[in-house]
Peer 1: 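The structure that follows is given in the form of structure tokens.
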Amino acid sequence: MKFEVAINVMPLKDLLDPQGKAVLGGLANLGINQVEDVRVGKRITLSVEAGSAEEAKLIAEKAAKQLLANQVMEFFEISINA
């Protein structure tokens with residue numbers, strides 16, 4: 001069975017996010033001053049062939065831990081759509 005898996009990777013909350021700060025400054029330059037903080041991350045989608053949703057999640061978790069996220073500076077969340 002094929003599963004669509006989304007992995008959202010974001011910087012850890014305690015770390016400085018230079019991209020987020022740059023976007024926040026750009027928003028202020030555009031007159032959008034209501035935004036208080038910006039965090040910039042990445043979304044990675046995988047099409048996974050697996051026997052179950054749990055197996056697909058395990059495959060995605062392995063990929064995220066070993067390649068897609070730097071766990072020293074980032075955390076990730078996985079969601080699955082069958």
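All values below were derived from every heavy atom in this structure, side-chain atoms included, with hydrogens, water molecules and symmetry-related copies excluded. Everything numeric here is computed off the predicted structure, so don't read it as measured data.
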Peer 1: Could you pull out every donor-acceptor pair under 3.5 Å between side chains of residues 19-33 and any protein atom, sequence neighbours left out?
Peer 2:
{"residue": "Asn29", "atom": "ND2", "partner": "Gly25", "partner atom": "O", "Å": "3.4"}

Peer 1: Enter the distance from Glu74:CD to Leu12:CG here, rounded to the nearest 0.5 Å.
Peer 2: 8.0 Å
Peer 1: If two hydrophobic side chains count as joined below 4.5 Å and joins carry through other members, does Val40 share a cluster with Leu16?
Peer 2: no
Peer 1: If you look at every heavy atom in Ala53 and Phe3, which pair is closest and at what distance?
Peer 2: N-CZ, 3.3 Å
Peer 1: Is there a chain of hydrophobic side chains (I, L, V, M, F, W, Y, each step under 4.5 Å between heavy atoms) that links Val9 to Ile59?
Peer 2: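 Per the 4.5 Å side-chain linkage, Val9 and Ile59 are co-clustered.
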Peer 1: Indicate if Leu68 and Phe75 have the same hydrophobic cluster label, given that clusters are the connected sets of ILVMFWY residues with side-chain heavy-atom separations under 4.5 angstrom.
Peer 2: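 Leu68 does not cluster with Phe75.
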Peer 1: How many angstroms lie between atom CZ of Arg43 and atom CE of Met10, to the nearest 0.5 angstrom?
Peer 2: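 Here the rounded value is 12.0 Å.
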Peer 1: Are Leu46 and Phe76 linked, directly or through other ILVMFWY residues, by side chains that come within less than 4.5 angstrom of each other?
Peer 2: yes
Peer 1: Please check if Leu58 and Ile78 belong to a single hydrophobic cluster, counting links between Ile, Leu, Val, Met, Phe, Trp and Tyr side chain heavy atoms closer than 4.5 Å.
Peer 2: no
Peer 1: Please identify each residue that fulfils side chain to side chain donor-acceptor pair (under 3.5 Å) with Arg39, with sequence neighbours left out.
Peer 2: none
Peer 1: For Asn70, give me all partners under side chain to side chain donor-acceptor pair (under 3.5 Å), at least two apart in sequence or on another chain.
Peer 2: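 Side chain to side chain donor-acceptor pair (under 3.5 Å) check on Asn70 returns nothing, list empty.
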Peer 1: How close do Ala56 and Ala50 get, heavy atom to heavy atom, and via which atoms?
Peer 2: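 Distance-wise, the nearest heavy atoms are N-CB, 3.7 Å.
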Peer 1: Report the distance from atom CD1 of Ile80 to atom OG of Ser52, rounding to the nearest 0.5 Å.
Peer 2: 8.5 Å
Peer 1: With a 4.0 Å cut-off, would you call Lys65 and Glu61 a salt bridge?
Peer 2: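 Looking at Glu61 together with Lys65, the answer is yes, because their closest N to O distance falls below 4.0 Å.
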